[in-house]
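Accompanying notes for the structure given below.
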Protein chains: 2
Amino acid sequence: MAGLTAPLLGLQKKSLREQALSALRTAITSGELAPGRHLVETELSEMLQISRGTLREALRQLEQEGLLSAGPRGRLSVRHLDEKEIRDIFAVRAALESLAARTLCELPDRAHAIQSLRQTIDVMEAAQDLSLEERIESDMNFHRTLCRLTGNETLLHSWESLEGSIRMSIMFGGLEKGVKNMSVDRHRDIVAAIETGDASLARKTIRAHMDSAAANLVA
Amino acid sequence: MAGLTAPLLGLQKKSLREQALSALRTAITSGELAPGRHLVETELSEMLQISRGTLREALRQLEQEGLLSAGPRGRLSVRHLDEKEIRDIFAVRAALESLAARTLCELPDRAHAIQSLRQTIDVMEAAQDLSLEERIESDMNFHRTLCRLTGNETLLHSWESLEGSIRMSIMFGGLEKGVKNMSVDRHRDIVAAIETGDASLARKTIRAHMDSAAANLVA
DNA sequence: TGTAAGTCGACTGTTTACAGTCGGTCGTAG
DNA sequence: CTACGACCGACTGTAAACAGTCGACTTACA
């Protein structure tokens, strides 16, 4: 937990609030702040070296992202995910990414999008031998890119709002299980489906990917 | 805009932040705060009779809901939606509600859910002769209920995060156009599809409903 | 010994004050 | 008349202080 201060001292291009947001997100999704852990504002503000007012703005955002749950009298704690919630999160994720895939399928000239996706998969492939964290990172990047390439800002925003929950799910289920679902081939299948323009196939591929990911996590 | 203070003076069961949140949401989705309008913190805090700190927490939340857009140096303004964005919002909405419908279809005993949905439609029917606002309210209630009945909290939360944008879309497209899509029959079709348990049919019904709604709004 | 009242402490909700920064405007010089 | 520069106002970012509330612990009394 002492590492919480470090990220803030570095690169000061962003506002303190955004820095605190990133630091907290990382701390939560990395397990540094364990699920169920009660958060005390004064404690956190001191650790992050920021004022409570600024911290509270960040906490509101995290709360909305579903990383924190509010107890009585505004007491915040790190959200705890049970198996059903993980499945639910991945169901919503699947719905969003299915929309993304379908949207890309309907794109007349999706060559550039296909190329971009392939590029992210290449990065994944190169990360195979790296740490679990970096493999997860490259996987998330693929899926985020999938949403971004649609040009649907609302879709991207919704997905990003879910990103924290997804990361928590992976952490909760265990990183080892998490990376199991990140096979390069699976992702190539998705891109291939999009390339054919078969929206139905793309949707099925995405859903299968998500279902197995969720199933593996809760197993 | 003078009406902004009123909601806060009444029922003080919620925190000031939540009251401000509701007041601002209403002000934006009702058009009282016009799209593109620049928001000044001191101005708003004075109107709502709350401090800037408390106000800022509410603003962060609205920002995340997509009702506000951030300009340079954190300048906030009411988000302006163009036609593409409205279509995009409804595409995401369709994806979420399709998931809801599919989930309900797969529910073994969905009799209770069906009944709840029928009830909300009855309310819609009774609201036919009331104001546009009330008709919209009853329509939103149906769709929110659709998501809630799945028991998927993440789905409900994602939908509610989108609710503000949906309301803005309706306001932007014109309330008259908005209510056109809220025919009782359409909604009965959705419930009927869910009742049969045909997930594919339910999905198609939802998507048709959403597509026509979006199309009407931007027409 | 059990219970009830009272006190202490911790935490959140809220407000007020201060600092920094950007843009505009007015004045002046070329 | 234009261009440059210093001042001024407005607004956000941030910090510190105040107030209220709930729970826990202690103590007194039956």
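The basis for the numbers below is simple: all heavy atoms, side chains too, and nothing from hydrogens, waters or symmetry mates.
For D:dC11, neither phosphate oxygen OP1 nor OP2 lies less than 4.0 angstrom from any side-chain nitrogen or oxygen of B:R56. Within the 4.0 Å cut-off from OP1 or OP2 of D:dT12, not a single side-chain nitrogen or oxygen of B:R75 is found. Residue A:S51 has a polar side-chain atom (N or O) positioned under 4.0 Å from OP1 or OP2 of D:dA15. Within the 4.0 Å cut-off from OP1 or OP2 of D:dA10, not a single side-chain nitrogen or oxygen of B:T42 is found.
Rounded to whole Å, atom P of C:dT16 lies 11 Å from atom CD of B:Q49. In this entry the distance linking CD of B:E43 with C1' of D:dA10 reads 11 Å, nearest Å. Taking atom CG of B:L39 as the reference point, atom P of D:dT12 lies 9 Å away to the nearest angstrom. Across the protein-nucleic acid pair, B:E41 atom CD and D:dG13 atom P stand 6 Å apart, rounded to whole Å. In this entry the distance linking CZ of B:R37 with P of D:dC11 reads 12 Å, nearest Å. Following rounding to the nearest Å, B:E57 (CD) and C:dG13 (C1') show an atom-to-atom distance of 8 Å. Per the geometry, CD belonging to B:E63 stands 14 Å off C1' belonging to D:dG13, to the nearest Å. When rounded to the nearest whole Å, the span between CG of B:L59 and C1' of D:dT12 equals 12 Å.
Between A:D122 and A:R118 there is no salt bridge, since no side-chain nitrogen of the basic residue lies less than 4.0 Å from a carboxylate oxygen of the acidic one. Of the charged side-chain nitrogens involved, at least one lies within less than 4.0 Å of a carboxylate oxygen, so that B:R60 and B:E63 count as a salt-bridged pair. Using a 4.0 Å cut-off between charged side-chain N and carboxylate O, B:E163 and B:R93 make no salt bridge.
Closest approach of A:I28 to A:M171, counting heavy atoms only: O-SD, 3.5 Å.
In this structure, the side chain of A:R135 does not engage the main chain of A:M182 through any donor-acceptor pair within 3.5 Å.
Nearest-nucleotide positions on DNA chain D place B:H38 closer to the 5' end than the other of B:H38 and B:G53. Remark on DNA chain D: of its neighbouring residues A:R73 and B:L76, the 5'-side contact belongs to B:L76, judged by nearest-heavy-atom nucleotide.
The side chain of A:I50 lies closest to D:dA15 when the candidates are D:dT21, D:dA15, D:dG13. Nearest to the side chain of B:L16, among C:dC11, D:dT14, C:dT14, sits C:dT14.
Checked by distance alone, A:R52 brings a side-chain donor or acceptor within 3.5 Å of a matching partner on the base of C:dG13.
No contact: B:L55 has no heavy atom under 4.0 Å from any strand.
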